[in-house]
Amino acid sequence: MTHLEWEVTPSVDLDLDYQVQVGFARGDDVNHNLRALLSVDLIDDFDLDVGFQWDRVGDPVPLADGTLPDGDDFRVTVGVSWDF
């Protein structure tokens, strides 16, 4: 697992996490997970967080109907917080 914390500016922070899992039985069984979080201090006690997550399954399991799902999954989250 790799982790990076970077204070881009005094009001902007970036956190990155990356993890890879390798299956030794077959070379195509490699799973990846990447998470990124951008935190921005807005006005006074208001904060904005934007997150991105990527999951990659190297050898997805077929569904019950025989179709093969996509190996990539992407998510974006947005949050606003107020500290009082």
Side-chain angles (χ1 to χ4, degrees):
M1 179 172 192
T2 302
H3 180 76
L4 171 71
E5 291 181 15
W6 179 28
E7 187 175 327
V8 181
T9 68
S11 62
V12 177
D13 295 329
L14 178 64
D15 292 331
L16 295 171
D17 288 311
Y18 177 72
Q19 182 176 2
V20 63
Q21 298 172 336
V22 178
F24 290 107
R26 295 188 325 263
D28 61 348
D29 191 14
V30 179
N31 300 328
H32 303 268
N33 176 267
L34 172 72
R35 293 183 210 181
L37 179 64
L38 184 69
S39 300
V40 180
D41 297 333
L42 297 175
I43 303 166
D44 294 328
D45 294 328
F46 285 100
D47 296 332
L48 172 69
D49 291 332
V50 179
F52 173 78
Q53 183 165 338
W54 169 58
D55 290 313
R56 168 78 178 159
V57 176
D59 189 20
V61 177
L63 300 174
D65 63 0
T67 59
L68 192 63
D70 188 17
D72 293 304
D73 184 27
F74 300 98
R75 287 177 289 252
V76 175
T77 58
V78 178
V80 178
S81 63
W82 176 40
D83 294 328
F84 56 93

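- With no hydrogens or angles considered, no side-chain donor-acceptor pair links Gln19 and Asp17 at under 3.5 Å.
- A salt bridge links Arg75 with Asp55: the distance from a Lys NZ or Arg NE/NH1/NH2 to an Asp or Glu carboxylate oxygen falls below 4.0 Å.
- Val50 and Leu14 fall within a single hydrophobic cluster, where Ile, Leu, Val, Met, Phe, Trp and Tyr are joined by side-chain heavy atoms under 4.5 Å apart, directly or via other members.
- For Asp45, the CG atom is densely surrounded, since the number of other residues' heavy atoms within 6.0 Å is greater than 12.
- Leu34 and Met1 fall into different hydrophobic clusters, where Ile, Leu, Val, Met, Phe, Trp and Tyr are joined by side-chain heavy atoms under 4.5 Å apart, directly or via other members.
- Taking CG from Leu63 and CG from Leu68, the interatomic distance works out to 7.5 Å, rounded to the nearest 0.5 Å.
- Residues Leu4 and Val20 do not share a hydrophobic cluster, clusters being chains of Ile/Leu/Val/Met/Phe/Trp/Tyr side chains in contact below 4.5 Å.
- The same ILVMFWY cluster, assembled from side-chain heavy atoms under 4.5 Å apart, contains both Phe74 and Val30.
- A continuous path of ILVMFWY side-chain contacts below 4.5 Å connects Val78 to Phe46, so both sit in one hydrophobic cluster.
- More than 12 heavy atoms of other shown residues, nucleotides or ligands fall within 6.0 angstrom of atom CZ in Arg56.
- None of Arg35, His32, His3 except one satisfies the side-chain hydrogen bond (donor to acceptor under 3.5 Å, both in side chains) rule with Tyr18; the exception is His32.
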*Steps toward side chain to side chain contact (heavy atoms under 4.5 Å, CB included) verdict (Gln53, Asn33)*: CA-CA 7 Å; Gln53 183 165 338; Asn33 176 267; 3.2 Å; yes

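- Taken to the nearest 0.5 Å, the CG atom of Asp15 stands 12.0 Å off from the CH2 atom of Trp6.
- Listed here is the closest heavy atom pair of Ala36 and Leu16: CB-CD2, 3.4 Å.
- In terms of heavy-atom proximity, Thr9 sits nearest to Asp13 at O-OD1, 4.4 Å.
- Taking both residues in full, the closest heavy atoms of Pro60 and Pro69 are given as CG-O, 3.6 Å, listed atom of the first, atom of the second, then distance.
- Rounded to the nearest 0.5 angstrom, Ile43 CD1 and Ser11 OG are separated by 11.5 Å.
- Contact between Val57 and Asn31 at its shortest, heavy atoms only, is CA-OD1, 3.4 Å.
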